[in-house]
Amino acid sequence: MLSFFRRIINSKAGVVVTFIVLGVIAIAFAAGDVTNISSMAGGITGSEVAKVGSAKITANDLRTAAQNEVAAYRQEQPTLDMAQFIAAGGFEGTLQREITGLSLEQFGKDQGMVVSRRLIDGQIASIPAFRGPNGQFDPALYQQLLAQRKMTDLQVRTDLERTTFAQQLTVPTIGATQFATQMALPYASLLLEKRQGEVGYIPTRLVPAGAAPSDADIQTFYTRNARRYTLPERRTVRYALVNTAAVATQSSPSDAEIARYYQTNAAKYAAAQKRDVTQVVVLDQAGANALAAKAKAGTSLADAARAAGLEASVQKGVVKAAYAAQSSAAVADAVFGAGQGAIVGPVRGTLGFVVAKVDAITQVPGKTLAQARPEIVTELTKQKQAAALGELRNTIEDALSGNATFDEVVADRKLQAQTTPAVTAQGAAPDAPTFQATPEQRAMITAAFTAEDGDAPQIVPIGQDGSFAVVGVGQIQRSAPRPLAQVRNQVVADLTADRARAAARKLANAVLAKVNKGMSMAQALKETGLAVPPARPIAAARRDLAAAQNTPAAAPLALLFSMPQNKARTLEAPQNEGWYVIRVTKIEPGNATGNDAAIRAARADLGRLIGREYVSQFARAVRDAVVVKTDPKAIAKVRSELLSNGGN
């Protein structure tokens with residue numbers, strides 16, 4: 001909401017500083033857009049892109065940061081490349097984050113703040129990605145992941161130290177939520193503003209399409225709009241499934257293993273007695289005595305407990321050992337020594353005095369080895385399958401670590417290799433429309449698109465039972481337009497629609513010019529010569545804009561509140577369906593003075609964002625205090641290198 005108001009008064013929003021370390025840690029501590037960097041290049045050497053106080057950002061620092069951010073984003077957008085990242089403003093955002101983060105670090109050190117090595121050690125050890133099978137920090141895994149991400153321990157520690165300085169300086173401020181009433185009053189009044197107007201509409205479908213396009217027209221349109229007909233990058237995915245069937249021959253338990261399991265778990269298959277028990281725990285003995293007396297007199301234990309302000313608990317089918325573990329041996333002896341329907345207690349337990357009722361007693365007969373054999377076979381088979389799959393996975397991972405190829409792994413382990421059609425990162429196969437990726441194949445496709453050309457095959461889990469797939473990248477078909485011959489009909493349809501859209505826009509501009517000169521909307525629409533819908537009135541309060549978000553009315557309402565009175569503007573309808581002509585006829589300013597509800601609502605909305613605004617201003621002030629100098633030529637050179645080298 002704050003950003004909404006700031007857009008209204010033509011001010012700038014604040015700064016978002018996001019640190020991404022290895023794609024695992026992401027700490028966002030502000031929101032906005034600090035872009036006004038001092039462009040003084042004095043004192044900057046050729047290898048530096050910026051100086052921040054006494055520190056510097058080298059070209060390699062900036063290049064590496066951009067590459068790491070692209071790698072992190074590719075975890076969710078596998079098709080993202082450096083060119084797309086830069087086109088979307090990612091490179092500039094990376095530069096801002098590097099400068100702002102370093103500014104905060106320099107400022108913190110100037111104020112005497114310290115981040116100890118022990119603290120950084122603890123942060124690294126707490127990252128889940130660095131934990132081994134035992135749940136503890138694994139130095140070997142840490143080094144392996146660093147090598148994969150082409151980072152060093154020093155880089156990780158530097159990033160974490162900088163992130164910690166940023167947290168310590170900004171997190172306390174980000175929680176600020178107080179916003180003064182007098183400051184909220186103009187915003188609350190703005191929300192109460194009301195406007196009226198009228199809307200004319202010229203549908204594209206009513207505009208004549210004109211003569212059929214010539215071959216030259218079609219070729220020109222296709223060339224200019226090649227991106228419309230461009231297929232995304234596609235890859236064939238080679239994979240080999242390794243599931244329980246692959247280890248079936250070594251997963252059948254022997255008679256000796258079955259007998260040993262039966263003996264080890266003798267208690268599980270012995271005859272047992274299970275009981276349904278209702279119990280109440282009372283802190284003092286006097287209260288427990290009174291409760292037991294009521295229950296023995298005929299009141300249900302649950303009702304007696306409720307009358308005393310307590311709640312009874314019911315346990316179904318509990319055995320003595322389990323019951324003793326959660327109460328006490330004395331309570332278990334008393335409950336399992338009583339008959340069905342008996343009231344037991346009070347007996348001292350671990351949390352107080354227990355009063356219980358034996359609701360039901362069930363005798364469970366024991367099982368002989370022959371009777372238990374089917375379930376033992378099932379359990380042992382699962383265990384042996386999991387162990388065999390784990391061992392096989394370790395063997396394959398070792399082979400891949402030794403630079404074994406996909407074909408070598410498949411041949412050595414006698415696996416069956418399979419290949420998908422050429423698919424996009426979303427699993428669609430443009431050249432094989434009938435292909436439907438299974439959930440397992442989707443996981444493999446995602447893994448294949450996160451891999452770089454030439455990377456080793458990957459292990460992809462595909463089942464809860466330990467099954468996995470060995471996944472490699474087959475052929476890579478780079479993004480390219482479909483040949484005109486394949487999409488000619490679509491090109492003709494798009495060209496015809498584009499011409500109609502342009503003609504509709506021309507008519508809308510003609511109506512706009514007449515309306516702004518004083519002609520009525522109805523007359524201007526009539527002079528188009530088309531059977532367009534009649535002009536319709538529109539009226540709303542500014543606060544209706546939020547409720548209209550993601551609805552067809554959102555854009556017309558937003559335009560209504562961005563024009564002066566008696567002025568009109570055009571607006572394209574969604575999906576090229578036509579053009580709106582919108583005119584403001586009346587503006588009623590809002591006044592929230594004395595409207596406590598409106599002011600409270602504005603304070604609450606603004607309070608949710610004011611902390612970030614404070615951090616934005618603080619970050620801006622810090623950058624000014626430490627003095628930032630940049631070299632635009634060096635920055636442009638890094639940007640150009642990333643584009644020309646594809647990010648490598």
Side-chain angles (χ1 to χ4, degrees), residues 132-135 240-279 313-342 344 347 349-350 354 356-398 412-416 439-440 459 461-470:
N134 60 355
L241 297 176
V242 183
N243 50 27
T244 54
V247 294
T249 57
Q250 59 202 86
S251 301
S252 299
S254 65
D255 290 341
E257 290 172 327
I258 295 170
R260 186 161 51 250
Y261 184 91
Y262 180 79
Q263 292 171 359
T264 303
N265 298 273
K268 179 179 179 180
Y269 301 107
Q273 184 185 92
K274 294 184 178 181
R275 297 195 169 202
D276 296 348
V277 180
T278 300
Q279 71 173 31
S313 63
V314 178
Q315 300 184 50
K316 299 280 190 180
V318 65
V319 297
K320 185 176 181 179
Y323 187 70
Q326 64 183 12
S327 55
S328 71
V331 174
D333 288 341
V335 169
F336 277 79
Q340 184 168 323
V344 179
V347 181
T350 55
V354 177
K357 180 185 178 185
V358 181
D359 297 320
I361 301 174
T362 305
Q363 297 294 339
V364 180
K367 288 185 178 181
T368 65
L369 175 58
Q371 292 172 326
R373 184 182 179 89
E375 63 182 87
I376 293 176
V377 169
T378 300
E379 178 62 26
L380 287 178
T381 300
K382 287 182 181 179
Q383 293 179 10
K384 298 192 73 173
Q385 284 174 344
L389 285 170
E391 183 178 351
L392 182 55
R393 175 171 177 161
N394 290 336
T395 301
I396 293 176
E397 286 180 338
D398 290 342
D412 290 345
R413 308 311 305 178
K414 296 181 175 55
L415 304 176
Q416 181 180 358
E440 293 79 10
I459 300 295
I462 58 172
Q464 298 296 325
D465 58 359
S467 299
F468 61 93
V470 184

Does the pair T264 and R260 meet the rule for a side chain to side chain contact (heavy atoms under 4.5 Å, CB included), with working shown? CA-CA 6 Å; T264 303; R260 186 161 51 250; 4.2 Å; yes
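- The two residues F468 and I459 have their closest heavy-atom pair at CD1-CG2, 3.8 Å.
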Report the C-alpha distance between Q326 and V331 in whole Å, list the side-chain angles of each, state the deciding distance to 0.1 Å, and finish with yes or no for side chain to side chain contact (heavy atoms under 4.5 Å, CB included). CA-CA 10 Å; Q326 64 183 12; V331 174; over 6 Å; no
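- Here the CD-CD1 distance, from E257 to I376, works out to 12.0 Å after rounding to the nearest 0.5 Å.
- At a threshold of 4.5 Å between non-hydrogen side-chain atoms, the residues R373 and D255 count as touching.
- At a threshold of 4.0 Å, the pair D333-K320 counts as salt-bridged, since one of the basic side-chain nitrogens sits closer than that to a carboxylate oxygen.
- The two residues A332 and S327 make their nearest non-hydrogen contact at N-OG, 4.4 Å.
- Of all the heavy atoms in Y261 and E379, the pair that sits closest is OH-CG, 3.6 Å.
- Between the side chains of Y323 and Q279, a donor-acceptor pair is found at a separation under 3.5 Å.
- Between I396 and R393 the shortest side-chain heavy-atom distance does not fall below 4.5 Å.
- Counted within 6.0 Å of CD on Q363, heavy atoms from surrounding residues, nucleotides or ligands total more than 12; the atom is thus considered enclosed.
- Here the CD atom belonging to Q340 is positioned 8.5 Å from the CG atom belonging to D359, to the nearest 0.5 angstrom.
- With values rounded to the nearest 0.5 angstrom, Y262 atom OH is found 14.0 Å from L380 atom CG.
- With R275 contributing its side chain and V358 its backbone, the two residues share no donor-acceptor pair below 3.5 Å.
- Shown here is E391, whose CD atom has no more than 12 heavy atoms of other residues, nucleotides or ligands within 6.0 Å.
- Heavy-atom minimum distance, L241 versus L415: O-CD2, 4.4 Å.
- Looking at T395 and R413, their side chains come closer than 4.5 Å, going by heavy atoms from C-beta outward.
- Annotation for I258 and V377: closest pair CD1-CG2, 3.6 Å, computed over non-hydrogen atoms.
- Smallest separation of non-hydrogen atoms from S467 and T244: OG-N, 3.9 Å.
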